[in-house]
Amino acid sequence: MNLLFWNNNSVKIDEVTKRKEKTELIDVRTPNEFRSGHIGYAKNVPLNKIARFTTNKEHEIYVICQSGMRSKQAAKILRSNGYDAKSVRGGMNRWNGPVRKGK
């Protein structure tokens, strides 16, 4: 098993559907990507704005993008700012649930 891949800094896509009350889902794709289809309760905070993002530090944050690369970067930034942030492995490419178009 690759220990770098299986760590506490990421979650599988199915964890998004088991969302707990104090968990936020942040989508770090561009606004155009977000409008083309996103998970209904996700909040769009593009990667280039993630360092300025603020929320309740008691909340767990799941970070999603298209494939998982940008969400890894964003989760690392959020963790350095004191948040419990985890990247969603595989991103929207792995999402099989309903999507909302527009804002």
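This chain uses plain numbering: 1 for the first residue, then up along the sequence.
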- Which heavy-atom pair separates Ser87 from Ser71 by the least distance, and what is that distance? OG-OG, 2.6 Å
- Can you find a pair of side-chain heavy atoms, one from Pro31 and one from Asn44, that are under 4.5 Å apart? yes
- Message: Any carboxylate oxygen within less than 4.0 angstrom of a Lys/Arg side-chain nitrogen, looking at Lys18 and Glu15?
- Response: yes
- Between Lys43 and Ile26, is there a donor-acceptor pair closer than 3.5 Å when you use the side chain of the first and the backbone of the second? no
- Item | Arg52 CZ to Ile77 CD1 distance, which is reported to the nearest 0.5 Å | 11.0 Å
- Point-to-point distance, once rounded to the nearest 0.5 Å, from CG of Leu47 to CG of Asp27: 11.0 Å
- Could you check if a side-chain atom of Lys101 sits within less than 4.5 angstrom of a side-chain atom of Arg35, using non-hydrogen atoms only? no
- Query: Within a reach of under 6.0 Å around CZ of Arg79, are more than 12 heavy atoms found that belong to other residues, nucleotides or ligands?
  - Reply: yes
- Message: With heavy-atom distances below 4.5 Å as the criterion, would you say the side chains of Arg29 and Arg70 are in contact?
- Response: yes
- CZ of Arg89 to CD1 of Ile64, rounded to nearest 0.5 Å, is 12.5 Å
- Item | Neighbour count above 12 (heavy atom, 6.0 Å) for Asn56 CG | yes
- Under 6.0 Å from the six-membered ring centre of Phe34 and within 45° of its axis: does the NZ or CZ of Lys103 meet both? no
- Output, in order, the C-alpha distance, side-chain angles, deciding distance and verdict of side chain to side chain contact (heavy atoms under 4.5 Å, CB included) for Glu58 and Lys22. CA-CA 8 Å; Glu58 292 179 14; Lys22 292 187 178 184; 4.2 Å; yes
- Query: Going from CD1 on Ile61 to CD on Glu24, what distance comes out if it is rounded to the nearest 0.5 angstrom?
  - Reply: 5.5 Å
- Message: Any heavy-atom pair between the side chains of Met92 and Ile39 that's under 4.5 Å?
- Response: yes
- Item | Thr55 and Tyr83, any side-chain heavy atoms less than 4.5 Å apart | yes
- Task: State whether the side chain of His38 and the backbone N or O of Arg100 hold a donor-acceptor pair below 3.5 Å, judged by distance alone.
- Result: yes
- Message: Any donor-acceptor pair under 3.5 Å linking the side-chain atoms of Glu33 with those of Thr30?
- Response: yes
- Query: Do you know which two heavy atoms are closest between Asn81 and Ala51, and how far apart they sit?
  - Reply: ND2-O, 3.5 Å
- Query: Can you find a pair of side-chain heavy atoms, one from Tyr62 and one from Ile13, that are under 4.5 Å apart?
  - Reply: no
- Are Val11 and Trp95 connected, step by step, through hydrophobic side chains (Ile, Leu, Val, Met, Phe, Trp, Tyr) whose heavy atoms are closer than 4.5 Å? yes
- Checking Lys76 side chain against Asn9 main chain: does a donor-acceptor pair fall under 3.5 Å? no
- Identify the heavy atoms of Thr17 and Tyr41 that sit nearest to each other, and give their distance. N-OH, 4.5 Å
- Message: Does any part of the side chain of Val16, heavy atoms only, come nearer than 4.5 Å to the side chain of Leu25, both counted from C-beta?
- Response: yes
- Is the shortest heavy-atom distance from the side chain of Lys86 to the side chain of Ser10 under 4.5 Å? no
- Message: Can you tell me if Lys49 has over 12 outside heavy atoms packed within less than 6.0 Å of its NZ?
- Response: no
